[in-house]
Amino acid sequence: MLTPHLIDTTVTAALVEDAPWGDLTAATLIPEDATASASLTAREAGVFSGSAVFEAAFRLTDPRITVAFLVADGERFAAGDTIAMVSGPARAVLTAERVALNFVQRMSGIATITAAYVEAVSDTRARIVDTRKTTPGLRVFERHAVRSGGGHNHRHSLSDAVMVKDNHLSVLLERGLTVTEALLRAREELPHTTTIEVEVDRLDQIEAVLAAGVDTIMLDNFTVDELREGVALIAGRAIVEASGNVTLSTVRAIAETGVDVISSGALTHSVRSLDLGLDVSVD
């Protein structure tokens, strides 16, 4: 969850990184009493995300800066639209602008590509979900952006749920346990509120996983035909997640197999930042 504490902590670290001993250029060239206005303008169409983060960059630099938004998180905008207006002490506006832009450009890029995936699977049962392939330290920001685009979040961290992957299973099998036995033992140790998800990469692994009563089965790198067969085999006994090689060109076909969830690391790990500009003028 994008809380005020997490926003301020992360944005403060970014501001310190960008101006550890102050903004030498602004302090040298800009009169201390100068004020400025700036408009956040879209240079291409997209979906907006990051208003609270954008505002924090200016507020934490100088609380006298005011930010007014014309577009809210999750709303679409066209090229040329004004998204927000900023005004306050000129030195501070100039000092904060790059950090503010870096965050909101990336978050809006994530929201925009997520919205494209969500639109591609419209009228199917599948929901679009992110993964843990996020920028270290920025997961909360990036996952908020996924929600701004109409997507959903997977488990937030390793502490949230049990998710058994092929490497976990290989360790267990080497110790002489069957998949079903290992999963049943795990269930006995967990609180009843904790869910278990298991990744499989072959159809013949599904029945052993189902026998343990898991909550979700991830079909990893399955073909469309294999996904359809997997959905039929699971037959509602668990949530079905499809993952691996999910792109805008393939996501519709994946959704039409009947899976419940489609997870894609591409929403966050390789997204292009959106082109937004901040045009400053001296009052």
Side-chain angles (χ1 to χ4, degrees), residues 1-3 5-7 9-10 49-50 53 73-74 106-107 110-111 113-115 117-118 121 125-172 179-180 182-201 205-206 208-210 212-222 227 230-231 234 236-246 251 254-255 259-271:
M1 180 181 294
L2 194 63
T3 64
H5 172 72
L6 287 172
I7 292 172
T9 299
T10 305
S49 185
V53 178
D73 284 19
R106 178 162 181 81
M107 292 178 71
I110 291 170
I113 192 64
T114 300
Y117 274 76
V118 170
V121 303
R125 65 186 299 166
R127 62 165 52 182
I128 299 298
V129 175
D130 55 24
T131 72
R132 285 172 43 247
K133 295 177 182 177
T134 53
T135 307
L138 298 183
R139 180 170 296 171
V140 172
F141 287 17
E142 294 179 351
R143 289 198 147 171
H144 173 84
V146 167
R147 295 195 300 276
S148 295
H152 295 79
N153 300 143
H154 214 294
R155 60 173 179 164
H156 179 73
S157 71
L158 294 172
S159 302
D160 295 336
V162 172
M163 186 167 175
V164 185
K165 296 197 172 189
D166 52 357
N167 288 334
H168 299 104
L169 291 174
S170 65
V171 172
L172 292 171
V179 171
T180 304
L183 294 172
L184 287 172
R185 288 188 184 185
R187 177 68 80 186
E188 290 176 358
E189 296 180 14
L190 292 169
H192 70 283
T193 55
T194 303
T195 61
I196 299 178
E197 177 169 357
V198 180
E199 172 189 285
V200 300
D201 52 24
Q205 297 173 312
I206 291 176
V209 171
L210 284 172
V214 302
D215 303 285
T216 303
I217 297 179
M218 177 195 289
L219 307 180
D220 188 44
N221 287 306
F222 278 40
L227 285 172
V231 169
I234 294 167
R237 291 178 286 174
I239 295 169
V240 183
E241 176 180 342
S243 188
N245 297 314
V246 178
V251 71
I254 293 171
V259 297
D260 303 294
V261 175
I262 302 173
S263 56
S264 175
L267 300 180
T268 55
H269 71 58
S270 57
V271 70

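Note that the structure is a prediction, hence the values are computed from the model and not measured.
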Closer than 3.5 angstrom, by distance alone: can the side chain of [X] be matched with the main-chain N or O of [Y] as a donor-acceptor pair?
X      : Y      : answer
Arg237 : Ile234 : yes
Arg143 : Thr131 : yes
His168 : Lys165 : yes
Thr268 : Lys133 : yes
Arg187 : Ala212 : no

Minimum heavy-atom distance between [X] and [Y], given as atom pair plus value:
X      : Y      : result
Val209 : Leu183 : CA-CD1, 4.2 Å
Phe141 : Leu2   : CD1-CD1, 3.3 Å
Ala145 : Ser49  : CA-OG, 3.3 Å

To the closest 0.5 Å, what do you measure between [atom1] ([X]) and [atom2] ([Y])?
X      : Y      : atom1 : atom2 : answer
His269 : Ser264 : NE2   : OG    : 6.5 Å
Ser243 : Asp201 : OG    : CG    : 12.0 Å
Thr114 : Glu142 : OG1   : CD    : 10.5 Å
Arg139 : Leu6   : CZ    : CG    : 12.5 Å
Ile196 : Ile217 : CD1   : CD1   : 11.5 Å
Arg106 : Thr135 : CZ    : OG1   : 4.0 Å

Begin from the C-alpha positions of Val200 and Phe222 and carry the test side chain to side chain contact (heavy atoms under 4.5 Å, CB included) through to its verdict. CA-CA 9 Å; Val200 300; Phe222 278 40; 4.1 Å; yes
In this structure, are over 12 heavy atoms from other groups packed under 6.0 Å from Arg127 atom CZ?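 No, because the 6.0 Å sphere around CZ of Arg127 holds 12 heavy atoms or fewer from other groups.
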Side chain to side chain contact (heavy atoms under 4.5 Å, CB included), that's the test. Do Val53 and Met107 meet it? Break it down for me. CA-CA 10 Å; Val53 178; Met107 292 178 71; 4.0 Å; yes
Is there a side chain to side chain contact (heavy atoms under 4.5 Å, CB included) between Val140 and His156? Walk through the geometry before answering. CA-CA 8 Å; Val140 172; His156 179 73; 3.7 Å; yes
Would you say the side chain of [Y] lies within less than 4.5 Å of the side chain of [X], judging by non-hydrogen atoms?
X      : Y      : value
Tyr117 : Ile262 : no
Asn153 : Asp130 : yes
His144 : Asp73  : yes
Ile128 : Val251 : yes
Glu241 : His154 : yes
Ile239 : Asp215 : no
Leu219 : Ile206 : yes
Val261 : Met218 : no

Scan side-chain atoms only and decide if Asn245 and Asn221 contain a donor-acceptor pair under the 3.5 Å cut-off. yes
Could you check Thr195 against Thr216 for side chain to side chain contact (heavy atoms under 4.5 Å, CB included), going step by step and ending with a plain yes or no? CA-CA 8 Å; Thr195 61; Thr216 303; 6.0 Å; no
